[in-house]
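Here the structure comes first, spelled out in structure tokens, and everything after it is commentary.
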Amino acid sequence: MLAERKKLIQSLFDEYIEMYASRDQRLAARFSQNFSGYAGSSDQLITDTDEWIKVTLLDFEQIPQRIEIEMLDLSLQDLSDDVVSATAFFHIHLPVPESFLARETARLVLIFRREDGNWMITHSGISIPFGLAERGEVYPMQRLNERNSELEALIEERTHELKIAIDELAQSHEQLLQSEKLASIGLLAAGVAHEINNPIGYVTSNLGTLNAYTRLLLDIAVELESWIGAGAPQGEALFALKQRLDDAELDYLSNDLDSLIKESRDGLERVRKIVADLKSFARLDGTELQLADINVGLDTTLNIVSNELKQKAKVVCNLGKLPQVRCNPGKINQIFMHLLLNAAQSISQFGTITITTKHQSDWVTIAVSDTGVGIPDKNIKRIFDPFFTTKPVGKGTGLGLSISWGIACDHGGRIEVDSTPGVGSTFTLYLPISGPDVAPGEALKDSRQ
Ligand SMILES: Nc1ncnc2c1ncn2[C@@H]1O[C@H](COP(=O)(O)OP(=O)(O)O)[C@@H](O)[C@H]1O
Ligand SMILES: [Mg+2]
């Protein structure tokens with residue numbers, strides 16, 4: 001009985017294949033055969049929920065000989081006679097053979113039994129989107145559209161999440177730079193306060209002395225005034241007046257007055273200069289480029305950090321003749337500050353910091369050398385990494401060199417390091433004279449302050 005049915009179906013297929021082979025593709029082959037009860041099931045038949053149709057996919061061109069599809073439990077109302085539109089109802093859920101994965105189209109051949117008991121065979125070309133095919137699923141158009149919108153919504157959601165993450169990242173980077181700036185400002189403020197306190201201390205003390213001197217001189221002047229009209233003093237009064245003038249040591253007073261005033265002037269000038277340097281140094285923000293004298297910038301920065309340096313090192317300057325460099329001087333000063341502070345901090349007792357500037361064709365180089373502890377090989381690759389520090393908490397943030405590196409890059413330049421543990425280190429900043437191609441900060445606006 002079973003063999004008989006199989007034979008029938010086989011012949012049905014043979015006929016179908018013949019039709020198909022005769023290129024009558026447009027018209028789906030349709031048969032109404034009055035046989036019933038094909039109970040054999042192929043390995044590939046699957047059962048799923050009610051809505052699902054048991055089907056088998058057949059690559060018609062490759063394996064036309066076998067009946068691969070059986071469709072059961074299908075109500076005919078759902079399936080129009082028009083094969084193409086009928087296909088749209090199918091939701092095929094099958095492990096798709098490997099050979100299909102690389103193809104866009106496969107043949108779907110269906111045999112099903114009508115409600116009236118007749119059997120029907122039909123075929124259609126179907127598309128197997130690759131991704132879905134791998135999962136063994138083929139969706140009808142409608143489902144694909146739904147899936148598309150789902151994916152679009154998902155992408156939109158992910159994009160949004162990504163944007164928020166990027167914003168947060170930019171924000172924390174900004175905060176980081178801010179905190180490094182604050183840390184540097186804190187350090188500088190202490191140094192600058194000390195620098196200013198010193199001249200203010202002796203100017204104040206000089207004012208006290210000047211006050212005493214003028215008191216003395218004024219007292220004598222008042223007495224002399226009292227003699228006007230009364231006639232020149234005689235005898236004992238004259239002697240007493242002479243004694244007071246002797247005590248006042250007018251020669252000494254005159255010299256000392258001059259030097260006190262000069263010293264105080266110098267001190268106040270020093271305060272003025274520190275304040276001016278601080279102002280020019282503090283102009284760190286802004287992205288404007290200008291032609292600047294690098295040696296002057298170094299001098300300004302040295303003044304600002306002098307308090308930190310003088311306790312640790314003698315500073316030797318070999319400043320070459322430099323052309324003006326197109327740069328953002330405030331930011332370049334910031335690099336100098338970091339290099340100088342690092343140099344001072346690397347020296348354990350007392351050493352030497354040597355600053356050398358040179359003009360080399362299209363570049364200027366600024367080298368800061370120290371006689372400090374040096375950098376071990378294992379660290380040298382990491383020193384420019386943000387947060388890499390070998391200093392105790394509170395002393396190092398690990399951001400100085402990474403910020404400096406960023407500024408150098410923004411200027412189209414670079415920083416090179418050469419270090420021998422136990423001997424010292426040299427950091428060399430290379431800056432192109434013509435400056436960056438774009439304004440610094442524009443190129444990397446999002447990542448640099
Ligand atoms: N001149 C130097 N001599 C020795 N080590 C240095 C020198 N400059 C930088 N380093 C090393 O690089 C690390 C990172 O420097 P930096 O980014 O300025 O951060 P920080 O100074 O806050 O540690 C330092 O902790 C130190 O280990
Ligand atoms: Mg540092």
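When a ligand or atom number is given, it counts from 1 through the structure's own listing order.
Residue Y202 places its OH atom among more than 12 non-hydrogen atoms of other residues, nucleotides or ligands, all under 6.0 Å distant. Other residues, nucleotides and ligands place no more than 12 heavy atoms under 6.0 Å from the CG atom of D251.
Using a 3.5 Å distance cut-off with no hydrogens or angles, the side chains of T426 and S369 do pair a donor with an acceptor. Using modelled atom types, one finds no donor on one side chain facing an acceptor on the other under 3.5 Å when comparing K262 with N206.
Listed here is the closest heavy atom pair of E416 and Y430: OE1-OH, 3.4 Å. Contact record, K312 with A344: NZ-O, 3.3 Å, taken as the closest heavy-atom pair. Contact detail for G374 and S425: the closest heavy-atom pair is CA-OG, 3.5 Å.
Within 4.0 Å of ligand 1, protein heavy atoms come from N342, A343, S346, D370, G374, I375, I383, F388, T389, T390, K391, G396, T397, G398, L399, G400, L401, S425, F427.
For a distance threshold of 2.8 Å, the protein N, O or S atoms nearer than that to the Mg ion (ligand 2), listed by chain and number, are N342 OD1.
Partner of I433 under the side-chain contact (heavy atoms from CB on, under 4.5 Å) criterion, chosen from P323, S361, C327: P323.
Both tests pass for R414 against the ring of W363: distance under 6.0 Å to the centre and angle within 45° of the axis.
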